[in-house]
Asker: 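Quick one: structure below, then a few questions.
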Amino acid sequence: MTPTKPSVPAPPVPLPTPETAPYWDAAREGVLRVQRCNSCRRHYFYPRSFCRYCASSDVEWTAVSGRARLVSYTINHRPLPPFASTSPVIALVELDEGPRLMTNIVGVPPLPEHLPLDMRLEVTFEERGEMVLPFFRPEGTAEQKENSTA
């Protein structure tokens with residue numbers, strides 16, 4: 001009889017709600033979208049039916065650049081089993097359009113010397129089961145990989 005390895009559960013994925021469905025649908029298409037208020041013209045995140053700045057309900061979903069800066073982070077050295085395959089760098093990033101969001105940083109060693117605050121980042125998307133999640137990586141990482149394979 002061969003011993004079996006205990007199965008590691010897959011990391012949990014978000015469950016879209018009616019308010020967040022446009023965000024997740026855009027991620028599936030490889031686009032980062034956040035809401036923007038048509039009254040005060042400011043972008044905001046997390047999704048809701050009214051502007052967090054002026055309380056207007058005249059809001060829309062809009063694609064953003066996907067560029068950001070690193071505001072803060074923590075390195076999770078002891079992730080729970082479902083998160084063992086996820087980047088241990090949990091971060092707060094600020095999009096160039098203004099909103100801040102929680103994410104994981106990928107494509108960089110999880111060491112403080114590789115994570116300077118204000119580091120320029122760009123969005124990347126990864127499949128997780130049936131969902132596609134936005135993560136961030138150091139800006140220019142994709143071009144560096146493409147150039148090294150040419």
Side-chain angles (χ1 to χ4, degrees), residues 7-146:
S7 68
V8 176
V13 295
L15 278 172
T17 65
E19 293 81 15
T20 64
Y23 177 80
W24 298 115
D25 292 343
R28 193 171 290 112
E29 298 167 9
V31 176
L32 184 62
R33 284 197 166 114
V34 298
Q35 288 177 295
R36 181 178 62 197
C37 176
N38 289 318
S39 295
C40 72
R41 309 302 293 167
R42 294 176 80 176
H43 291 86
Y44 63 90
F45 188 82
Y46 67 88
R48 60 195 108 179
S49 60
F50 60 91
C51 175
R52 68 172 289 226
Y53 299 104
C54 72
S56 171
S57 60
D58 185 14
V59 299
E60 66 181 350
W61 285 93
T62 184
V64 292
S65 67
R67 291 186 306 271
R69 71 181 184 91
L70 181 61
V71 174
S72 184
Y73 69 91
T74 188
I75 300 169
N76 186 2
H77 294 285
R78 299 180 120 190
L80 294 172
F83 295 100
S85 64
T86 303
S87 168
V89 183
I90 304 163
L92 178 65
V93 302
E94 183 176 271
L95 300 176
D96 286 357
E97 292 80 7
R100 290 182 174 188
L101 56 113
M102 294 295 296
T103 187
N104 289 86
I105 305 296
V106 296
V108 64
L111 300 167
E113 56 267 25
H114 296 284
L115 295 161
L117 295 181
D118 290 328
M119 176 172 64
R120 297 296 303 159
L121 303 166
E122 60 190 7
V123 72
T124 185
F125 297 91
E126 293 185 12
E127 287 187 27
R128 293 290 161 97
E130 295 178 19
M131 296 292 293
V132 175
L133 305 180
F135 296 111
F136 283 79
R137 64 182 173 212
E139 202 169 58
T141 305
E143 290 82 18
Q144 290 170 2
K145 284 182 183 176
E146 288 172 11

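Computed from a predicted structure; not experimentally measured. Worth knowing before you read on, the calculation uses all heavy atoms, side chains too, and leaves out hydrogens, waters and symmetry mates.
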Asker: May I ask you to test the His43-Arg33 pair for a side-chain heavy-atom distance under 4.5 Å?
Answerer: no
Asker: Just wondering, do Pro112 and Tyr73 contact through their side chains at under 4.5 Å, heavy atoms?
Answerer: yes
Asker: Distance from Thr103 atom OG1 to Leu133 atom CG, nearest 0.5 Å?
Answerer: 8.5 Å
Asker: Please walk me through it: do Phe136 and Leu95 pass side chain to side chain contact (heavy atoms under 4.5 Å, CB included)?
Answerer: CA-CA 11 Å; Phe136 283 79; Leu95 300 176; 3.8 Å; yes
Asker: Do Ile105 and Val93 touch side chain to side chain, with heavy atoms closer than 4.5 Å?
Answerer: yes
Asker: Looking at Tyr53, I'd like to know if the NZ or CZ of Arg42 sits under 6.0 Å from its six-membered ring centre while staying within 45 degrees of the ring's axis.
Answerer: yes
Asker: Is the count of non-hydrogen atoms from other residues, nucleotides or ligands lying under 6.0 Å from Arg41 atom CZ greater than 12?
Answerer: yes
Asker: Verify the neighbour count for atom CD of Glu29: are there more than 12 heavy atoms of other residues, nucleotides or ligands below 6.0 Å?
Answerer: yes
Asker: Would you say Tyr46 has more than 12 foreign heavy atoms packed within less than 6.0 Å of its OH?
Answerer: no
Asker: Any heavy-atom pair between the side chains of Arg52 and Val59 that's under 4.5 Å?
Answerer: no
Asker: Would you name the heavy atoms of Asn104 and Ser87 that are closest together and state the gap between them?
Answerer: ND2-O, 2.8 Å
Asker: Is there a donor-acceptor pair under 3.5 Å between the side chain of Ser56 and the backbone N or O of Cys51?
Answerer: no
Asker: For Ser49, does its backbone N or O pair with a side-chain atom of Glu19 as donor and acceptor, under 3.5 Å?
Answerer: no
Asker: Does atom CD of Glu60 have more than 12 heavy-atom neighbours, drawn from other residues, nucleotides or ligands, at distances under 6.0 Å?
Answerer: yes
Asker: Applying salt bridge (Lys or Arg N to Asp or Glu O under 4.0 Å) to Arg137 and Glu122, what does each step give before you reach the verdict?
Answerer: CA-CA 6 Å; Arg137 64 182 173 212; Glu122 60 190 7; 3.0 Å; yes
Asker: Give a yes-or-no answer on whether the side chains of Ser65 and Glu97 include a donor-acceptor pair shorter than 3.5 Å.
Answerer: yes
Asker: Kindly give the heavy-atom pair with the smallest separation between Thr20 and Pro47, and that separation in Å.
Answerer: CG2-CG, 4.0 Å
